[in-house]
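Each residue takes its place number in the sequence, starting with 1.
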Amino acid sequence: GITLGLRDMLDGEFEMNEQYTNAGGWDKSKMRNVYMPRFLKLLSADLQAVIKTVDKKTGAGGGSNKLITSQDKLFLFSQKEVINDDTYTAGGEGKQYPYFEDEGNCVKKRGGSAYTWWLRSPYTGNSYNFRNINSSGNVNNNNANNTYGVSFGFCAYNMGLT
């Protein structure tokens, strides 16, 4: 298998949760349970056929350091997967993808301009923020009900690559 991700962001802004909470983390978020299934349906049938379900470890939210595992076809990247740091996260949310070792790849664009994009990592310092990457490529956190860009990833297999 191979992990793929959007180079930039989807058009539009989305909240992690309608409410001002990170309780339940990525696993219970509106982003995972409402938006990701909608985005999956927008992909071609051929692409959907090669996307596999993977286990993703993420903090449980609510200020906890506990990890929970969700099974996802589309996912947001964790802070550790992007910047290889787990400060203010539960820790253990994967390892950095080589693509993000180039810090320039942490900057994502929406409509041609650098823009803030969500990570799936809940902020452990409170029960209402998730982590994100700002327009300069630095990690930050904001309220779960704020709207920002989305740049998801997925794992695929049997794509006919040799």
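- Side-chain atoms of N143 do not come within 3.5 Å of backbone N or O of N145 as any donor-acceptor pair.
- Transitive grouping of hydrophobic side chains (ILVMFWY, heavy atoms separated by less than 4.5 Å) brings L40 and M36 into a common cluster.
- Between the CG atom in L10 and the CG atom in L42 there is a gap of 8.5 Å [rounded to 0.5 Å].
- Between S64 and A90, the closest heavy-atom pair is O-CB, 4.4 Å.
- Each of V107 and V82 belongs to its own hydrophobic cluster when Ile, Leu, Val, Met, Phe, Trp and Tyr are linked at side-chain heavy-atom distances under 4.5 angstrom.
- Between G59 and I68 the shortest heavy-atom distance is O-CG1, 4.3 Å.
- Between Q96 and N84, the shortest heavy-atom distance links the atoms OE1-CB, 3.3 Å.
- Contact detail for T87 and R131: the closest heavy-atom pair is O-NH2, 3.9 Å.
- Note that the OH atom of Y157 and the CD1 atom of I2 stand 15.0 Å from one another [nearest 0.5 Å].
- S44 and D46 form no side-chain donor-acceptor contact under 3.5 Å, judged by distance and modelled atom types alone.
- Of the residues Y148, W118, Y35, Y20, the one that meets the side-chain hydrogen bond (donor to acceptor under 3.5 Å, both in side chains) test with E15 is Y35.
- Atom CD in Q48 sits 8.5 Å away from atom CG in L74 (nearest 0.5 Å).
- Looking only at side-chain heavy atoms (C-beta outward), M16 and W26 come within less than 4.5 Å of each other.
- Between the side chain of E13 and the backbone N or O of G149 there is no donor-acceptor pair closer than 3.5 Å.
- When hydrophobic clusters are built by joining Ile, Leu, Val, Met, Phe, Trp and Tyr residues whose side-chain heavy atoms come closer than 4.5 Å, directly or via intermediates, F14 is not grouped with Y128.
- With hydrogens and angles ignored, the 3.5 Å screen pairs no side-chain donor or acceptor of N17 with any backbone N or O of A144.
- Hydrophobic clustering places V150 together with V139 (ILVMFWY residues linked when any side-chain heavy atoms are closer than 4.5 Å, directly or through intermediates).
- Ring-plane geometry between Y123 and Y88 is classed as tilted, the angle between the planes lying from 30 to 60 degrees on a 0 to 90 degree scale.
- No side-chain N or O of S136 forms a donor-acceptor pair with one of N138 less than 3.5 Å apart.
- For E101, the CD atom counts as densely surrounded, since its 6.0 Å shell holds more than 12 non-hydrogen atoms of other residues, nucleotides or ligands.
- Of the charged side-chain nitrogens involved, at least one lies within less than 4.0 Å of a carboxylate oxygen, so that E81 and K56 count as a salt-bridged pair.
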* To do: Would you please test N132 and N141 for side-chain hydrogen bond (donor to acceptor under 3.5 Å, both in side chains) and show each step?
  => CA-CA 6 Å; N132 58 53; N141 52 271; over 6 Å; no
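- Residues Q79 and T89 have side chains that never bring a donor and an acceptor to within less than 3.5 angstrom of each other.
- Rounding to the nearest 0.5 Å places CG of N146 at 8.5 Å from CG of N129.
- A donor-acceptor pair under 3.5 Å is formed between the side chain of K108 and the backbone N or O of R7.
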* Are F75 and T58 close enough, and set up right, to give a side chain to side chain contact (heavy atoms under 4.5 Å, CB included), and what steps lead you there? -> CA-CA 11 Å; F75 52 85; T58 312; over 6 Å; no
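- Remark: the backbone N or O of R110 is not paired with any side-chain donor or acceptor of W117 at under 3.5 angstrom.
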* For F77 and Y99, run ring pair (Phe, Tyr, Trp, His ring centres under 6.0 Å): C-alpha distance rounded to whole Å, both residues' side-chain angles, the deciding distance at 0.1 Å, then the answer. => CA-CA 12 Å; F77 294 99; Y99 177 78; 8.6 Å; no
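- No donor-acceptor pair closer than 3.5 Å links the side chain of D86 to the backbone N or O of G91.
- To the nearest 0.5 Å, atoms CD1 (I51) and SG (C155) are separated by 9.5 Å.
- Nearest heavy atom pair, residue K57 against residue T69, reads CG-OG1, 3.6 Å.
- Ion pairing between K80 and E93 fails under the 4.0 Å rule for side-chain N and carboxylate O.
- In this structure a side-chain-to-backbone donor-acceptor pair under 3.5 Å is present from N134 to G137.
- Between N140 and N142, the shortest heavy-atom contact is ND2-OD1, 3.9 Å.
- Linking ILVMFWY side-chain heavy atoms closer than 4.5 Å, directly or via other members, places V54 and F39 in a single hydrophobic cluster.
- Put simply, the side chain of S151 gets close to the backbone of L6: a donor and an acceptor are under 3.5 Å apart.
- Here the straight-line distance linking atom CG of L76 with atom CZ of F130 works out to 9.0 Å at 0.5 Å rounding.
- Proximity of a side-chain donor or acceptor of N105 to a complementary backbone N or O of F100 within less than 3.5 Å is not detected.
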